S.K.: 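Take a look at the following structure, please.
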Amino acid sequence: MAHVCIHWFRKGLRLHDNPALVYALKECKELYPVFILDPYLYNTQVGINRWRFLLGALKDLDCSLRKLNSRLFVLKGKPEDVFPKLFDKWKVTKLTYEYDTEPYSLSRDEKVTSLAKEHGVDVSYKISHTLYNTERIMEENDGKPPLTFKRLQAIVQKLGPPKKPIPAPTLENMKDVETHCSEENEKKYGIPTAEELGLDLTSLGEELFPGGEQEALRRLDEHMKRTRKHSDPPVSLHGQLLWREFFYTCSVGIPNFNKMEGNPVCTQVDWDTNPECLAAWREARTGFPFIDAIMTQLRQEGWIHHLARHAVACFLTRGDLWISWEEGEKVFEELLLDGDWALNAGNWQWLSASAFFHQFFRVYSPVAFGKKTDKNGDYIKKYLPLLKKFPPQYIYEPWKAPRSVQQAAGCIVGKDYPHPIVQHEQISKKNIQRMKEAYAKRSSDSNESPSKKQGVKRKAPSVIDLLQKKKRKV
DNA sequence: ATGTAGGTTGAGGAA
DNA sequence: ATTCCTCAACCTACA
């Protein structure tokens with residue numbers, strides 16, 4: 001008996017390396033590739049650049065599906081409201097999707113699965129968003145997520161190489177499969193335009209990073225060709241994939257992973273509430289050209305270099321402004337095209353020395369760090385053209401330039417460009433002391449006995465142990 | 001168990 | 001230009 005199948009696209013907007021899609025085509029007579037604009041995910045915290053990226057990816061996916069005599073069906077609404085109607089209307093017998101480990105996704109998928117069962121629809125998912133099954137990684141580590149990269153590497157070594165990506169379906173695979181591409185459906189389920197979504201894309205600059213599978217594969221290909229000698233993990237591309245796996249596994253095994261409170265691996269810090277400083281950081285007016293240039297690029301282009309992320313994250317949190325990493329997390333989520341729930345939360349904890357990374361006395365200087373690789377300040381000049389006439393010796397610290405130099409540069413600090421929001425040298429020293437106190441408190445909190453050192457070692461993993469036991473019962 | 005090594009990329013100065 | 005040391009001293013993994 002052949003199936004009427006919905007394949008539900010969510011994160012993996014691609015045809016290759018999509019085992020759930022291939023599974024959907026088995027014994028299938030009708031296929032409905034579906035994407036849902038879920039108000040929970042897309043109404044809040046999505047910057048206009050990310051919208052453009054998403055629409056591009058959907059168009060690319062639709063285009064690829066049409067080459068297979070199929071198409072993408074785009075719907076709006078809560079998935080638990082949308083699916084029951086589709087099940088009835090299309091007489092669906094099977095639903096497939098790629099497994100997604102985010103807490104919201106898990107609860108959403110659980111709801112949809114039980115609705116599907118009520119409608120007599122078979123549900124299948126495949127793991128292909130991560131290299132490995134994150135549960136399997138934890139199994140190899142006594143049921144806990146590995147908390148160091150080295151440990152993850154050792155586990156992965158034991159598990160062997162991940163499955164190779166499978167090719168995209170071909171016309172041959174689709175020969176017995178039909179998709180109803182009627183004129184009426186065209187209007188009803190088409191990809192919405194920016195205007196229909198109330199977005200003004202004309203305010204955006206050039207699209208430097210188009211969304212979609214074809215562009216992604218092209219970039220990967222280009223990278224692999226360009227890189228003659230591939231470095232080793234952790235800094236290689238391979239290493240980056242393992243870092244991704246590392247944070248994904250942590251995000252599955254550690255409760256409240258995107259928050260400080262209730263997160264057992266996160267050091268509890270008395271961050272300040274400081275809306276003015278937060279706004280200055282977000283809006284690129286901290287008075288530190290390197291920081292402001294990075295925040296400008298982030299807003300304009302939706303992508304910034306890895307080390308640039310380090311610099312602004314350290315500045316917002318433990319380095320200078322002493323604002324919670326959760327605030328930075330929200331801003332990155334809104335603006336980064338490559339924003340990802342697990343990686344965002346993991347890296348913010350890393351950079352704020354709240355978890356994984358603990359050498360809080362190593363503070364990135366908002367002046368010196370950029371100078372290391374860009375003495376002339378070309379990067380600053382590109383994103384803050386207001387400062388481009390400053391000579392290299394002052395471009396990272398324009399407030400130190402004599403009045404005459406500022407006048408010659410056509411930019412007066414305090415008038416055309418802000419004064420530095422903090423005095424880095426003093427404030428970072430003070431903040432290191434505050435971090436020290438937070439760590440000391442963490443040690444004493446998790447340890448009743450007077451011998452602190454031992455207590456930390458014993459108590460820390462036992463918290464996770466308890467949580468794991470709880471989980472197993474459920 | 002207790003000590004030690006290492007931790008994806010700090011900064012600044014000396015050699 | 002590159003490497004090493006010091007600053008002050010964190011955590012996790014492993015022997």
Side-chain angles (χ1 to χ4, degrees), chain A residues 140-142 144-158 230-247 249-250 253-254 263-269 288 290-291 294 304-315 317-320 343 346-375 396-397 424-447 449 451-465:
Chain A
E140 286 293 325
N141 196 49
D142 299 327
K144 305 166 292 186
L147 294 177
T148 63
F149 185 70
K150 273 261 150 36
R151 184 79 197 126
L152 177 99
Q153 271 185 304
I155 294 164
V156 158
Q157 198 81 46
K158 227 195 281 178
H230 293 278
S231 51
D232 292 320
V235 290
S236 63
L237 179 60
H238 176 208
Q240 295 307 313
L241 291 175
L242 294 178
W243 276 106
R244 180 175 179 276
E245 206 74 3
F246 174 71
F247 285 128
T249 310
C250 288
I254 298 164
N263 177 339
V265 303
C266 184
T267 304
Q268 305 295 301
V269 178
F288 288 92
F290 185 56
I291 300 298
I294 294 168
I304 49 177
H305 188 274
H306 183 55
L307 293 181
R309 297 176 196 210
H310 285 208
V312 295
C314 184
F315 187 87
T317 58
R318 66 188 170 88
D320 296 86
L343 307 188
N347 280 305
W348 272 100
Q349 285 174 83
W350 182 292
L351 265 306
S352 62
S354 298
F356 312 113
F357 173 80
H358 307 282
Q359 291 167 291
F360 52 76
F361 42 87
R362 291 190 173 177
V363 176
Y364 290 90
S365 161
V367 171
F369 189 58
K371 270 188 197 168
K372 264 201 298 202
T373 45
D374 181 16
K375 264 193 159 163
Y396 285 88
E397 310 165 272
H424 174 73
E425 295 308 323
Q426 282 98 313
I427 204 88
S428 62
K429 285 202 175 72
K430 202 178 122 197
N431 289 348
I432 288 171
Q433 290 310 307
R434 289 178 87 172
M435 279 309 284
K436 206 165 145 183
E437 283 160 27
Y439 269 82
K441 198 154 174 290
R442 165 187 162 137
S443 305
S444 61
D445 278 358
S446 62
N447 174 36
S449 83
S451 166
K452 281 178 187 175
K453 256 194 157 181
Q454 285 180 5
V456 177
K457 281 182 183 171
R458 283 192 200 135
K459 199 83 184 186
S462 75
V463 174
I464 296 164
D465 276 344

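Worth saying up front: this structure is predicted, and the values here are computed from it rather than measured. A note on names: the letters A, B, ... follow the listed sequences, proteins ahead of strands, and every chain is numbered from 1.
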S.K.: So which nucleotide does C:dA8 pair with, by the Watson-Crick or G-U wobble rule with both distances under 3.5 Å?
M.R.: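 The base-pairing partner of C:dA8, which may sit in any strand shown, does not exist here.
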
S.K.: Go through B:dG10, C:dA13, B:dT8 for me and flag the one nearest to the A:Thr148 side chain.
M.R.: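 Nearest to the side-chain atoms of A:Thr148, counting from C-beta on, is C:dA13.
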
S.K.: Whether the side chain of A:His306 and the base of B:dT8 hold a donor-acceptor pair under 3.5 Å is what I'd like checked.
M.R.: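 Side chain to base: pair present.
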
S.K.: Rounding to an integer number of Å, can you tell me how far A:Phe360 CZ sits from B:dA11 P?
M.R.: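 After rounding, the gap between these two atoms is 17 Å.
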
S.K.: Could you measure the distance from the OG1 atom of A:Thr317 to the CE atom of A:Met435? Nearest 0.5 Å is fine.
M.R.: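 The distance works out to 7.5 Å.
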
S.K.: Keeping A:Arg318 on the side-chain end and A:Phe360 on the backbone end, is there a donor-acceptor pair under 3.5 Å?
M.R.: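 Yes; at least one donor-acceptor contact below 3.5 Å.
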
S.K.: A:Arg151 has an atom CZ; how far is it from atom C1' of B:dG7, in whole Å?
M.R.: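 So the CZ-C1' distance, A:Arg151 to B:dG7, works out to 15 Å.
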
S.K.: Find the distance A:His358:NE2 to C:dC11:P and express it as a whole number of Å.
M.R.: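 Going from A:His358 (NE2) to C:dC11 (P), I get 7 Å.
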
S.K.: Please tell me if A:Arg362 has a side-chain N or O lying less than 4.0 Å from either OP1 or OP2 of C:dC7.
M.R.: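 For C:dC7, OP1/OP2 do not have a side-chain N/O of A:Arg362 under 4.0 Å.
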
S.K.: Find out whether A:Leu351 and A:Arg309 are in side-chain contact, i.e. whether some heavy atom of one side chain is under 4.5 Å from a heavy atom of the other.
M.R.: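 When only atoms from C-beta onward are counted, A:Arg309 and A:Leu351 do not touch, as no gap falls below 4.5 Å.
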
S.K.: Are any of A:Lys372's side-chain N or O atoms less than 4.0 Å away from OP1 or OP2 of B:dA11?
M.R.: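 Yes, such a contact exists.
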
S.K.: To the nearest Å, give me how far apart CG (A:Leu237) and P (B:dT8) are.
M.R.: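 Whole-Å distance recorded here is 18 Å.
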
S.K.: Starting at atom CD of A:Glu437, determine the distance to atom P of C:dA8, rounded to an integer number of angstrom.
M.R.: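 Rounded to the whole Å, the gap is 17 Å.
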
S.K.: Taking the same atom, P, in B:dT9 and in C:dA1, what whole-Å distance lies between them?
M.R.: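 My reading of the P atoms in B:dT9 and C:dA1 gives 25 Å.
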
S.K.: A:Phe149 CZ to B:dT9 C1': how many Å, rounded?
M.R.: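 After rounding, the reported distance stands at 13 Å.
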
S.K.: Find the partner of B:dT9: check Watson-Crick (N1-N3 plus N6-O4 or O6-N4) and G-U wobble (N1-O2, O6-N3) distances, both under 3.5 Å, and reply none if neither fits.
M.R.: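 By the stated definition (distances under 3.5 Å), nothing pairs with B:dT9.
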
S.K.: Answer yes or no as to whether C:dC7 has its base stacked against A:Phe361, where stacking requires a ring-centre separation under 5.5 angstrom and planes under 30 degrees apart.
M.R.: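 No, aromatic ring not over the base.
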
S.K.: In whole Å, measure the gap between the P atoms of C:dA8 and B:dG3 for me.
M.R.: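 About 23 Å, rounded to a whole number of Å.
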
S.K.: Parallel, tilted or perpendicular: which describes the rings of A:Tyr396 and A:Phe290, with under 30° parallel and over 60° perpendicular?
M.R.: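 Rings of A:Tyr396 and A:Phe290: tilted, as their planes differ by 30° to 60°.
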
S.K.: Which value, rounded to the nearest 0.5 Å, describes the distance between A:Asn347 atom CG and A:His306 atom NE2?
M.R.: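 Here the interatomic distance stands at 7.0 Å.
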
S.K.: What is the distance, to the nearest angstrom, from the OH atom on A:Tyr439 to the C1' atom on C:dA8?
M.R.: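 Going from OH in A:Tyr439 over to C1' in C:dA8 covers 14 Å.
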
S.K.: Calculate the interatomic distance between A:Ile432 atom CD1 and C:dC7 atom P; express it in whole Å.
M.R.: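 The distance from CD1 of A:Ile432 to P of C:dC7 comes to 15 Å, rounded to the nearest Å.
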
S.K.: Distance check: side-chain N/O of A:Lys150 vs OP1/OP2 of C:dA13, anything under 4.0 Å?
M.R.: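 Answer is no, no contact under 4.0 Å.
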
S.K.: Considering only atom C1', compute the distance from C:dC14 to B:dA1 and round it to an integer number of Å.
M.R.: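 Their C1' atoms lie roughly 12 Å apart.
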
S.K.: What contact category does A:Phe357 fall into here, base, sugar-phosphate, or nothing, at under 4.0 angstrom with non-hydrogen atoms?
M.R.: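 Touches nothing.
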
